[in-house]
Amino acid sequence: LPFSSAANLRPGAEQKVVFITARVHPGETPSSFVCQGIIDFLVSHHPIAKVLRDHLVFKIAPMLNPDGVYLGNYRCSLMGFDLNRHWANPSPWAHPTLHGVKELIIDMYNNPKINLEFYIDIHAHSTMMNGFMYGNIFEDEERFQRQAVFPKLLCQNAEDFSYSSTSFNRDAVKAGTGRRFLGGLLNDTSYCYTLEVSFYSYIVGGPASAVPYTEEAYMKLGRNVARTFLDYYRLNSLVEGPLAPTPKTR
């Protein structure tokens, strides 16, 4: 079930929703560790996590392809579908998890009391280094520039995240992905991204200083993704007391 912090919001407060999904490609196991880092941080006692829970609603579907994971597939579901190419018209029979999540997102989008502001789909990349994002291309230059704000802030918070590797595209091959489909469906105050993380290493310093990823490093990236919402929404002044180090997860 998606994790929601809606119960913590002040009565009558606008529900600003951050929707996060992961593991639509079952072989991309690092995405689960990044997602775990996000979840563990958001439910922790860290003062930043408390501020985020008080001001935002997080909906998280940590595994979009459970049958593919169970079978040990690399990219496809039980029925052999690449679910990340079927967002435009998912079948409740052939793509049930995708269908359910899409219905939930559309219901929230049509709810006047909810402002769906972020969609982030977490993946792992088999050839590139670091963490990075894919975003969309818009004709509206201001919207395009606003879309770049979050990955730029994340780059400041996470040493393994690369803004220079982040790209914005409308590749026809990716038209059926969550990032592309929802980017075309939601309004201009919503931002849709694919968050990619390398299967093997990130670079700090020069090109010769590649650091192998560990489970903990993936979860740290997840924690830094969560922390970046504090900067994005300018909630820093609401954090009580000195900032403790971000808690380590298992």
Side-chain angles (χ1 to χ4, degrees), residues 1-4 17-39 57-110 116-128 131-137 147 151 166-186 190-200 218-219 221-222 225:
L1 293 176
F3 163 67
S4 172
V17 174
V18 176
F19 205 109
I20 298 172
T21 58
R23 210 71 186 274
V24 69
H25 292 145
E28 297 176 8
T29 50
S31 67
S32 283
F33 292 110
V34 174
C35 192
Q36 186 70 51
I38 294 173
I39 294 171
V57 177
F58 290 90
K59 297 282 188 181
I60 302 177
M63 189 173 287
L64 285 181
N65 197 341
D67 50 333
V69 170
Y70 176 79
L71 290 169
N73 291 351
Y74 178 70
R75 196 170 179 88
C76 295
S77 65
L78 167 68
M79 299 182 66
F81 291 107
D82 180 344
L83 297 182
N84 204 36
R85 296 295 184 272
H86 289 275
W87 275 89
N89 189 29
S91 159
W93 176 74
H95 327 105
T97 54
L98 209 63
H99 181 268
V101 168
K102 179 183 173 182
E103 290 289 299
L104 176 59
I105 290 175
I106 290 176
D107 285 347
M108 288 192 299
Y109 176 64
N110 291 329
L116 180 56
E117 302 210 333
F118 280 90
Y119 173 74
I120 300 176
D121 189 28
I122 309 174
H123 289 250
H125 206 284
S126 60
T127 59
M128 293 184 67
F132 59 95
M133 279 179 154
Y134 293 123
N136 294 310
I137 290 178
Q147 183 188 216
T166 293
S167 64
F168 304 92
N169 64 69
R170 54 162 64 114
D171 182 352
V173 175
K174 303 289 183 68
T177 65
R179 183 256 308 180
R180 282 289 310 279
F181 174 77
L182 294 174
L185 171 73
L186 305 179
S190 302
Y191 304 103
C192 301
Y193 305 94
T194 299
L195 172 61
E196 296 273 3
V197 63
S198 172
F199 266 101
Y200 47 102
Y218 288 129
M219 288 189 278
L221 176 59
V225 169

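Being a predicted model, the structure only gives us computed values, none of them experimental.
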Do the side chain of Ser31 and the main chain of Ala22 share a donor and acceptor less than 3.5 angstrom apart?
no

Beyond-backbone contact of Glu117 with Phe19, side-chain heavy atoms, under 4.5 angstrom
no

Would you say the side-chain atoms of Tyr200 pair up with the backbone N or O of Thr127, donor to acceptor, closer than 3.5 Å?
yes

Donor-acceptor check, side chain of His99 to backbone of His95, threshold 3.5 angstrom: yes or no?
no

Heavy-atom donor-acceptor pair, Gln147 side chain to Asn136 backbone, under 3.5 Å
yes

With a 3.5 Å cut-off and no angle check, do the side chains of Ser32 and Arg23 form a donor-acceptor pair?
yes

dist Phe132:CZ -> Thr166:OG1 (nearest 0.5 Å) comes out at 7.5 Å

Short side-chain donor-acceptor distance under 3.5 Å, Glu196 and His123
no

So, taking the atom named CZ in Phe118 and the one named SG in Cys192, what distance separates them when rounded to the nearest 0.5 Å?
10.0 Å

Side chain to side chain contact (heavy atoms under 4.5 Å, CB included) with Pro26: which of Leu83, Leu64, Asn65?
Asn65

Min side-chain heavy-atom separation Val34-Met219 under 4.5 Å:
no

Main-chain N/O of Trp87 paired to Lys102 side chain as donor or acceptor, under 3.5 Å
yes

Do the side chain of Asn73 and the main chain of Arg75 share a donor and acceptor less than 3.5 angstrom apart?
no

Note: Phe81 and Ala94 closest approach over all heavy atoms is CE1-CB, 3.7 Å

Given the rule in the side chain to side chain contact (heavy atoms under 4.5 Å, CB included) test, do Met63 and Val69 qualify, once you have shown the distances and angles that lead to the verdict?
CA-CA 9 Å; Met63 189 173 287; Val69 170; 3.8 Å; yes

Tell me, with the steps shown, if Ile122 and Thr194 meet side chain to side chain contact (heavy atoms under 4.5 Å, CB included).
CA-CA 6 Å; Ile122 309 174; Thr194 299; over 6 Å; no

Hey, does Ile60 have a side-chain heavy atom less than 4.5 Å from the side chain of Ile39?
yes

Test item: side-chain donor near acceptor, Thr21 and Asp121, under 3.5 Å:
yes

Counting C-beta onward and ignoring hydrogens, is there a side-chain heavy-atom pair between Tyr134 and Ser167 closer than 4.5 Å?
yes

Is the distance between the ring centroids of Phe199 and His125 less than 6.0 Å?
no

I'd like to know whether the aromatic ring centres of Tyr74 and His25 sit less than 6.0 Å apart in this structure.
no

Any chance you could measure Leu221, atom CG, to Ser198, atom OG, to the nearest 0.5 Å?
11.0 Å

Is the side chain of Asp82 donor-acceptor paired with the backbone N or O of Cys76 at a distance under 3.5 Å, no angle test?
no

Is any side-chain heavy atom of Ile120 closer than 4.5 Å to one of Tyr191?
no

